[in-house]
Structure formats: structure tokens, C-alpha cells
Engineer: 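Here it is, the structure, as C-alpha cells.
In each ligand, atom 1 is the first atom listed, and ligand 1 is the first ligand listed. All values reported here derive from a predicted model rather than from experimental measurement.
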Amino acid sequence: MPRTRGIGKNEGAGADEYAASGSFSVMGILNVTPDSFSDPGEFFDPEKAVSHAIHMLDEGAEIIDVGGESTRPGSDPVSPDEELRRVVPVIHEILSERPDATISIDAYRAATAEAALEAGATIINDVTAMRGDERMAPLMAEAKVPAVLMHMKGEPKTMQNDPKYEDVVREVRDFLSERAEAAISAGVSPEDIILDPGIGFGKTLSHNLLLLKNLEDTVDIGFPVLIGASRKGFIGKLTSEDDIGGRVFGTVATSVLAYERGATLFRVHDVRANKDALEVAAALRRV
Ligand code: PMM
């Protein structure tokens, strides 16, 4: 079970209280996978994964989001055992090197999330918003840790095949409100709920832009909002940047624009660049 509650700098605070503080947290992405779109195989080796996590903590990440299954468009699921083999030792090792690190587990299977919590993770990041495994809602309720509920249309294998909405902003807002209510009915504390519009998950370029532009609609639901736009395809389209590592500048723009609209958590690959930009944006808000 989790050793600490709360996110990032605010140890002990609920997610809601954290948002009210006007601060932000950078969540560094650690994909322990051979096939994620942005860093394919780079951190599949556990030693490399741990040293990258330490690097991101040194760059100012408040949270490390550890995932063992790629959710890139077109990807296939991995077996539950394989997912566990990838993430659990890495979480143990990060915490043995940095006992104060806050670890989030990027998983939709309750068994994976539970094993990660036992290994010391203290946040659950579920891209299916509890729809991928019926045991996830009771686990979130029992574990009493912050939980990210994300919008996704369809599933990773096919989600980018011509996604359609009548009104993407309204549909994503309605979905996230409904999921937050479902979590509360299952016993999750409202203070632990974090919402995420799911940039790139069953969305075209214009869907992603509309969601970012109208992010206040997601913020107005009343929970802290996480944004995960880092290096995603729509940034490559806008900047004509095929090299995924070259999408950092576009990513930084999305972070600052999302912060201005009320997001407080930023799931990114390039911690330093995003953190510096967000520090400047936060200073402007404070003056
Ligand atoms: N994106 C990816 C994976 N997990 N979790 C949340 N909450 N939000 C996201 O946008 C998100 C996620 C896919 O991106 P990656 O392959 O770079 O990890």
C-alpha cells in the first residue's frame, strides 16, 4: 500500500487542495516499453529506465509516471505478467535510489496498479478512466491515492482511424464528468480525482486544438486537470517536425497555453524545458 499520499511538492495534500494552491507539477514520462511512439525502446532496459528517472527528478520532475505498455496509436496490448515484469523492479529501484520520489503508475489493469502501489507508487494514471478493468474503481477507492481519469475514444489499436465527434469539447467534458461521478460512487474521494482530456487518444489535429483551446471546459468540472501533449503527432503536424525529439518547442507551447487555461499537471518527456517555461508562466500569474 502507498507510503505517502498527495502529489508532487504537496505531500499529504489532496489533489483538489493542490490545484487551489495555484502551483503546478511536472510529471516525467518513463516508458519501460520497446515500442512507445516518442522514445521507442530507449528505456526498455531497466538500468537505463532508472537512470532516466533519476535524470528527470534532477531536472525538476515532481512525479515519475512509469508505464509498461505502450498506448501509441496502433499498438497491441502486452500480457499482464510482462507488464508487471517491466514496471515493478523499476519502481523499486527508483525508490531505493530516491526514497522521496513520487511515482505514478500508468496502467489500466488493477493487478498492475496494485503491484505498483505495493512497490511504492502513490498515484494511479488510468488512460481508460476505470473502463479497462472492473477492479480498478474499487482499487482506487481502497488505495486512497490520487487517480488520473483520462478520456479516450475507442482503443489504442484503432482509435486514430477517422475519429468523429459532434462536439468534441462537450463530449469530452460530459465523459469526464460522468467518470468522476462513477469514481465517487465507487468510493473514491473527490479530493483524489484528476481529469485528463486525453490529447491524441482518438482525436484529429483539430480535435486536439479545440480541446486545448477550450480547456477551461474541462477545468470547470471542478477537478485538477492533467495534460499529456508531449511530443505528440499533432505537434509534429503543426511544426512539420518529423523528428519526434524536435517537438520539444511545440510541446512547451502546449504546456504554457494549458497552464494559462487552468491545467496544473503536465506529463512530459522533456522535463527541464517544460518546467522552466511553466516557472515563467507561474511567476507572471503571481505578480
Ligand atoms: N499519453 C500517453 C500515455 N499515457 N496518460 C495520461 N494521463 N495522459 C496522456 O496524454 C497519456 C498517458 C501516450 O504517450 P507516450 O507514449 O508518450 O507515453
Engineer: Does NZ or CZ of K153 fall inside the cone over Y165's six-membered ring, less than 6.0 Å from its centre and within 45° of the axis?
Structural biologist: yes

Engineer: In terms of atom number and element, which parts of ligand 1 are under 4.0 angstrom from non-hydrogen atoms of D106?
Structural biologist: 3 (C), 4 (N), 12 (C)

Engineer: Between ligand 1 and I29, is the shortest N or O to N or O distance under 3.5 Å?
Structural biologist: no

Engineer: Against heavy atoms of V148, which atoms of ligand 1 measure under 4.0 Å?
Structural biologist: 7 (N)

Engineer: Examine the proximity of ligand 1 to I227 and report which part, side chain or backbone, both or neither, has a heavy atom under 4.0 Å away.
Structural biologist: neither

Engineer: Is the ring pair H151/F175 parallel, tilted or perpendicular, if the boundaries are 30 and 60 degrees?
Structural biologist: perpendicular

Engineer: Just to verify, what does T254 make a side-chain contact (heavy atoms from CB on, under 4.5 Å) with, not counting sequence neighbours?
Structural biologist: L212, A229, F234, I235, T251

Engineer: For E241, which residues count as a side-chain contact (heavy atoms from CB on, under 4.5 Å) partner, sequence neighbours excluded?
Structural biologist: T239, D243, R247

Engineer: Which of the numbered atoms in ligand 1 are below 4.0 angstrom from a heavy atom of T71?
Structural biologist: 2 (C), 3 (C), 13 (C)

Engineer: Is it the case that atom CZ in R272 sees more than 12 heavy atoms from other parts of the structure closer than 6.0 Å?
Structural biologist: no

Engineer: Quick check: S230 and ligand 1, any N/O pair under 3.5 Å apart?
Structural biologist: no

Engineer: If you round to the nearest 0.5 Å, how far is CD1 of I221 from CG of L149?
Structural biologist: 10.5 Å

Engineer: Please could you name the atoms of ligand 1 that L226 approaches to less than 4.0 Å, counting only its heavy atoms?
Structural biologist: 7 (N)

Engineer: Look at the side chain of K237 and the backbone N and O of L205, then say whether any donor-acceptor pair between them is shorter than 3.5 Å.
Structural biologist: no

Engineer: Under 4.0 Å, counting heavy atoms only: does K232 come that close to any atom of ligand 1?
Structural biologist: yes

Engineer: Which ligand 1 atoms, with their elements, are less than 4.0 angstrom from a heavy-atom of M150?
Structural biologist: 6 (C), 8 (N), 9 (C)

Engineer: Indicate, as side chain, backbone, both or neither, the part of N31 found under 4.0 angstrom from ligand 1 when only non-hydrogen atoms are considered.
Structural biologist: side chain

Engineer: May I ask you to list the atoms of ligand 1 that are less than 4.0 angstrom from any heavy atom of N125?
Structural biologist: 5 (N), 6 (C), 7 (N)

Engineer: So does R109 pair up with E69, basic N to acidic O under 4.0 Å?
Structural biologist: yes

Engineer: Could you tell me which atoms of ligand 1, counted from 1 in the order shown, lie closer than 4.0 angstrom to a heavy atom of H269?
Structural biologist: 17 (O)

Engineer: Can you list the ligand 1 atoms lying under 4.0 Å from a non-hydrogen atom of V127?
Structural biologist: 4 (N), 5 (N), 12 (C)

Engineer: Measuring only between side-chain heavy atoms, which start at C-beta, is H207 closer than 4.5 Å to T204?
Structural biologist: yes

